[in-house]
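On a predicted model such as this, the values are computed, not experimentally measured, just so you know.
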Amino acid sequence: MIRYVVRRIIAAIPIGVIVTLGVFALVFAMPGDPLRELAGDKPIPAAVLAAKRAQFHLDDPFIVQYLLSMKDILTGNFGTTFAGADIADQLRLRIPVTLKLTLLANAFQWTFGLLFGIYAGFRRNGWVDRSLLLATLVLLAVPGLVAYFAAQYLFGVELKWFPVSGVLEGFPTSYLLPALVIGLLGFAGLARLMRTSIVETVNADFVKTARAKGLGEQRVLWRHILPNALLPVVTFIGLDLAGMFGGAIITESIFNLPGLGQFMFQAIKLKEGGVVVLLSTLAFLSFIVINLLVDLLYGILDPRVRHV
């Protein structure tokens, strides 16, 4: 197992370089002068502008800027943003916000997605199953941006059930509305996958054999059906959790949550390549860790995977 983990980490290094290099190149290619855009209509003395450019290496070639950014990341010297904010302090403040949003959204998604999916799978063609298929079809057809703005307007502005934006009311109140929307959109795909996987597994030959041997329904459920039905669901959950950071960019910007997603959005707008590369690296590392955990969980659910 240790060799497997080491191999995965080594294989991830060149992929990480390609990902961060590509992201940095996209930010570098954006038009405009970030320092002048940051100043707005205020004039900037030429000496101050030159000093700032030298401080952030903006006059250096693309590859030099990238290598300097990676060196800062590897040494833990994150520096400051163009506006002078300490990046390390920003991370300490923003990481808990994104984690709270992600954990709350996943709690809604996993709880209801798995429960409804399992029940609908075992009660196929019942009213719960038909209602679930119809409701999830509607949810999957709704674009995420439409759902965010509609929920914000209806439940925040009109009904005033939740705060419209910001985190002034603390956890969990300020996070409930965006987390519910994220969880509801993710619930649709998870519930349908869980339902389909249960239906396919219930009709599998090894389940019929277990029942033919006289095993009780509870043992067949917990020892044969669920462990096998959960395999594709574990993959879905792992990919969904790893991709949460990308969704946080939109969600946190719309609901004005001061998390990593909003930080990334602001950095892209201001062409802060170093910050974008740092956040992309953190997202990539979390993706690798989550996928390793998914592979380990696969080995627990299906012992055959351990020998592959």
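- Side-chain contact between Leu226 and Thr201: absent, with no pair of heavy atoms (C-beta onward) separated by less than 4.5 Å.
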Please report the C-alpha distance between Ile182 and Leu101 in whole Å, then the side-chain angles of each, then the deciding distance to 0.1 Å, and finally whether the side-chain contact (heavy atoms from CB on, under 4.5 Å) criterion is met. CA-CA 9 Å; Ile182 296 173; Leu101 176 63; 4.2 Å; yes

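- Between atom CD of residue Glu169 and atom CG of residue Leu176 there is a gap of 10.0 Å, rounded to the nearest 0.5 Å.
- Placement of Ile249 and Leu26 in two distinct hydrophobic clusters is found when ILVMFWY residues are connected by side-chain heavy-atom separations under 4.5 Å, directly or transitively.
- Of all non-hydrogen atoms in Gly274 and Ser69, the two that sit nearest each other are CA-OG, 3.7 Å.
- Of all heavy-atom pairs between Ser174 and Gly166, the closest is CB-O, 3.4 Å.
- Here the side chain of Lys213 pairs no donor or acceptor atom with the backbone of Ala210 at under 3.5 angstrom.
- Applying the ring-ring contact (aromatic ring centres under 6.0 Å, His included) test to Phe62 and every residue at least two apart in sequence or in another chain returns Phe24, Phe28.
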Is there a side-chain contact (heavy atoms from CB on, under 4.5 Å) between Leu91 and Phe78? Walk through the geometry before answering. CA-CA 10 Å; Leu91 293 178; Phe78 300 145; 3.9 Å; yes

Show me the donor-acceptor pairs within less than 3.5 Å that the side chains of residues 110-117 make with the rest of the protein, sequence neighbours left out.
| residue | atom | partner | partner atom | Å |
| --- | --- | --- | --- | --- |
| Thr111 | OG1 | Ala107 | O | 2.7 |

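- Taking the charged nitrogens against the carboxylate oxygens, Asp129 and Arg123 have no contact shorter than 4.0 Å, which rules out a salt bridge.
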Could you go through Thr80 and Gln55, starting from their C-alpha distance and side-chain angles, then the distance that decides it, and tell me whether this counts as side-chain contact (heavy atoms from CB on, under 4.5 Å)? CA-CA 10 Å; Thr80 63; Gln55 177 186 350; 3.9 Å; yes

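- Listed for the Gln262 side chain is no donor-acceptor partner under 3.5 Å among the backbone atoms of Ser253.
- Annotation: side chain of Leu93 is not in contact with side chain of Pro258 (no heavy-atom distance under 4.5 Å).
- To the nearest 0.5 angstrom, Gln90 atom CD is 4.5 Å from Arg94 atom CZ.
- Rounded to the nearest 0.5 Å, atoms OH (Tyr66) and NZ (Lys71) are 14.5 Å apart.
- Under a 3.5 Å cut-off, the side chain of Arg195 and the backbone N or O of Gly121 do not form any donor-acceptor pair.
- Using a 4.5 Å heavy-atom cutoff, the side chains of Leu184 and Phe108 are not in contact.
- To the nearest 0.5 Å, the span separating CD1 on Ile73 from OG on Ser280 amounts to 8.5 Å.
- Tyr175 and Leu180 fall within the same hydrophobic cluster, where Ile, Leu, Val, Met, Phe, Trp and Tyr residues are linked whenever their side-chain heavy atoms come under 4.5 Å apart, directly or through other members.
- Between the side chain of Thr20 and the backbone N or O of Val17, at least one donor-acceptor pair lies under 3.5 Å.
- A heavy-atom distance below 4.5 Å is not found between the side chains of Lys100 and Val167.
- Considering all non-hydrogen atoms of both residues, Ala267 and Val275 come closest at CB-CG1, 3.6 Å.
- In this structure Leu159 satisfies the side chain to side chain contact (heavy atoms under 4.5 Å, CB included) test together with Leu154, Phe155, Trp161, sequence neighbours excluded.
- For CZ of Phe265, the number of neighbouring non-hydrogen atoms (other residues, nucleotides, ligands) closer than 6.0 Å is 12 at most.
- Arg124 and Asn203 get closest at one heavy-atom pair: NH1-ND2, 4.2 Å.
- The side-chain heavy atoms of Arg192 and Leu140, taken from C-beta on, include a pair separated by under 4.5 Å.
- Taken from CE in Met194 to CD1 in Ile118, the straight-line distance is 5.0 Å, to the nearest 0.5 Å.
- One N or O on the side chain of Thr98 and one on the backbone of Leu260 form a donor-acceptor pair closer than 3.5 Å.
- Both Val64 and Leu67 sit in one connected hydrophobic cluster of ILVMFWY residues. Membership requires side-chain heavy atoms under 4.5 Å apart, directly or through other members.
- When side chains are defined from C-beta on, Thr81 does not count as touching Leu270, because their heavy atoms never get closer than 4.5 Å.
- Atom-to-atom distance recorded for Ile18:CD1 and Leu21:CG is 8.5 Å, nearest 0.5 angstrom.
- No donor-acceptor pair closer than 3.5 Å links the side chain of Thr136 to the backbone N or O of Ala188.
- Evaluation of the ring-ring contact (aromatic ring centres under 6.0 Å, His included) rule for Phe56 yields Phe82 as partners, not counting sequence neighbours.
- Shown here are the side chain to side chain contact (heavy atoms under 4.5 Å, CB included) partners of Thr196, two or more places apart in sequence or in another chain: Glu200.
- Residue Leu168 places its CG atom among 12 or fewer non-hydrogen atoms of other residues, nucleotides or ligands, all under 6.0 Å distant.
- A 4.5 Å side-chain heavy-atom check between Met30 and Ile268 finds at least one atom pair inside the cut-off.
- A pairwise comparison of heavy atoms in Val164 and Phe255 identifies O-CD2, 3.6 Å as the closest pair.
- Side chains of Gln109 and Asp240 form a contact here, defined as non-hydrogen atoms less than 4.5 Å apart.
- With hydrophobic clusters built from ILVMFWY side chains whose heavy atoms lie under 4.5 angstrom apart, Val233 does not share a cluster with Val199.
- For Gly156 against Leu177, the heavy-atom pair with the smallest separation is N-CD2, 4.5 Å.
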Walk me through it: do Val181 and Phe149 pass the test side-chain contact (heavy atoms from CB on, under 4.5 Å)? CA-CA 10 Å; Val181 178; Phe149 285 116; over 6 Å; no

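- Its side chain within the 4.5 Å cluster rule, Val146 clusters with Val142 among the Ile, Leu, Val, Met, Phe, Trp and Tyr residues.
- Taken together through direct or relayed side-chain contacts under 4.5 Å among Ile, Leu, Val, Met, Phe, Trp and Tyr, Leu133 and Leu193 form parts of separate hydrophobic clusters.
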